[in-house]
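Here's the structure, in structure tokens; my notes come after.
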Amino acid sequence: MPASQRSLTTALIATSVRRAVARIEFSSQRRWRILDSRLIGQAMRCFNVPFISSGAVVVAVRCLTAQTAVPLVDIKSVDPTIVIELRYAGANNLAGRALYPPGTVALVRPEVASRLVTAQAILRRYQYQLKIWDAYRPKSVQIQLWQAAHNNDYVADPQAGAGSLHSWGVAVDATLIDTWNRPVLMPTDFDNFTPAAMWHYRGADPAIRSHLHLLQIAMRDAGFYGLRAEWWHFVIVNWQKYLPPEELKRALQAFGMR
């Protein structure tokens with residue numbers, strides 16, 4: 001692309017992103033920075049140019065393409081105490097390489113963010129806190145994971161049902177750390193697709209059992225439920241209301257639900 005055309009494209013994208021970031025909603029207690037991916041998607045339909053907003057939030061625009069119209073918030077903008085370590089931004093994951101561009105932030109639906117705030121408050125009473133391993137996941141990344149795994153027992157087929165609920169901003173991958181941001185004993189590491197990663201811990205270590213139980217209780221009380229084969233995976237309990245009707249129909253059929 002010629003330099004002049006690229007400059008014009010970047011300016012157009014910047015304008016659309018500024019408009020999207022400017023669409024801020026206020027709650028009675030917290031200020032949420034809402035990223036309207038429909039506006040960003042329109043600007044990014046044909047181009048793939050990252051942009052840093054003036055609102056001090058690094059927006060990985062490449063993650064917010066026209067494939068979704070999900071309203072998303074940066075978890076850190078809602079609760080700065082929640083620790084973020086996006087595993088797909090590095091090589092320590094199933095694919096063995098970075099799938100997110102530098103500067104990617106952890107995005108979720110506003111409803112998920114508020115529930116994470118509740119879970120964090122519960123855990124901090126016991127001198128623990130949340131670390132988020134993954135949040136909103138673009139379908140393009142889900143396709144790469146599917147190609148790496150080819151196992152729908154652990155990785156959702158992006159072409160089946162509604163794909164991964166991560167791609168709708170209603171799921172997170174989370175673990176437990178202490179108040180000094182140090183990891184604590186948990187059943188397995190992330191993306192460990194073995195029987196040891198099951199929701200019901202079968203091991204004999206009381207510390208691991210205690211940590212896992214605390215995480216599960218905090219997330220349950222905040223309005224999440226877990227996944228049988230991945231102890232770190234949590235979905236908001238009323239996720240069905242946030243999917244478009246046709247996508248919901250396909251998802252329920254894939255899950256064998258009404």
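For the single chain, residues carry numbers from 1 onward in sequence order. Since we're looking at a predicted model, the values are computed, not measured.
To the nearest 0.5 Å, atom CG of residue L94 and atom CD of residue Q144 are 11.0 Å apart. H200 NE2 to R228 CZ: the interatomic distance, rounded to the nearest 0.5 Å, is 9.5 Å. Atom CG of L165 sits about 10.0 Å away from atom CZ of R137, to the nearest 0.5 Å. Going from atom CG of L123 over to atom CD1 of I177 covers 10.0 Å, rounded to the nearest 0.5 Å. Rounded to the nearest 0.5 angstrom, R115 CZ and F224 CZ are separated by 6.5 Å. Of the inter-residue distances, the one linking T118 atom OG1 with M219 atom CE reads 10.5 Å to the nearest 0.5 angstrom.
At least one donor-acceptor pair under 3.5 Å links the side chain of N93 to the backbone N or O of R97. Checked by atom type and distance alone, the side chain of D74 never pairs as donor or acceptor with a backbone atom of L107 at under 3.5 Å. When atom types are taken as modelled, the side chain of K76 and the backbone of V105 share no donor-acceptor pair closer than 3.5 angstrom.
Nearest heavy-atom pair, A229 versus M198, reported as atom, atom and distance to 0.1 Å: CA-SD, 3.8 Å. Contact record, V73 with A113: CG2-CB, 3.6 Å, taken as the closest heavy-atom pair. Pairing each heavy atom of P110 with each of P71, the nearest pair is CD-O, 3.6 Å. Contact record, N192 with A197: O-CB, 2.9 Å, taken as the closest heavy-atom pair. Counting all heavy atoms, side chain and backbone alike, A135 lies closest to I75 at CB-CD1, 4.3 Å. Contact record, P138 with Y100: CD-CE2, 4.0 Å, taken as the closest heavy-atom pair.
Under the side chain to side chain donor-acceptor pair (under 3.5 Å) criterion, R182 pairs with D178, sequence neighbours left out. Applying the ring pair (Phe, Tyr, Trp, His ring centres under 6.0 Å) test to F190 and every residue at least two apart in sequence or in another chain returns Y88, W133, W232. Residues meeting the side chain to side chain donor-acceptor pair (under 3.5 Å) test with T81, sequence neighbours left out: D79, Q120. Not a single side chain to side chain donor-acceptor pair (under 3.5 Å) links N92 to another residue, sequence neighbours left out. Not a single side chain to side chain donor-acceptor pair (under 3.5 Å) links T175 to another residue, sequence neighbours left out.
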Quiz item: Are I122 and I217 close enough, and set up right, to give a side-chain contact (heavy atoms from CB on, under 4.5 Å), and what steps lead you there?
Solution: CA-CA 9 Å; I122 294 171; I217 292 298; 5.9 Å; no
Let's go through V117 and V78 carefully: what are the C-alpha distance in whole Å and the side-chain angles of both, what is the deciding distance for side-chain contact (heavy atoms from CB on, under 4.5 Å) to 0.1 Å, and is it a yes or a no? CA-CA 8 Å; V117 173; V78 180; 3.5 Å; yes
* To do: In sequence, state the C-alpha distance, the side-chain angles, and the governing distance for L212 and M186, and then conclude on side-chain contact (heavy atoms from CB on, under 4.5 Å).
  => CA-CA 6 Å; L212 180 60; M186 298 300 281; 4.2 Å; yes
Could you give me the CA-CA distance, side-chain angles and deciding distance for V172 and L116, then say whether side-chain contact (heavy atoms from CB on, under 4.5 Å) is met? CA-CA 9 Å; V172 295; L116 290 175; 4.1 Å; yes
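Side-chain atoms of N181 and Q129 include a donor-acceptor pair closer than 3.5 Å.
One hydrophobic cluster, built from ILVMFWY side chains closer than 4.5 Å, holds both F193 and V141. Under a hydrophobic clustering in which Ile, Leu, Val, Met, Phe, Trp and Tyr are joined whenever their side-chain heavy atoms come within less than 4.5 Å, directly or via other members, L99 and I84 fall into the same cluster. No path of Ile, Leu, Val, Met, Phe, Trp and Tyr side chains, each step under 4.5 Å between heavy atoms, connects L176 with V83, placing them in separate hydrophobic clusters.
Exactly one of D189, D134, D173 qualifies for a salt bridge (charged side-chain N to carboxylate O under 4.0 Å, His left out) with R87. That residue is D189.
Among residues at least two apart or in separate chains, side-chain hydrogen bond (donor to acceptor under 3.5 Å, both in side chains) pairs with a member in residues 207-220 are Y128-H211.
In this structure, the side chains of V170 and Y242 come closer than 4.5 Å at one or more pairs of heavy atoms.
A ring-centre distance under 6.0 Å is not found for W199 and Y225.
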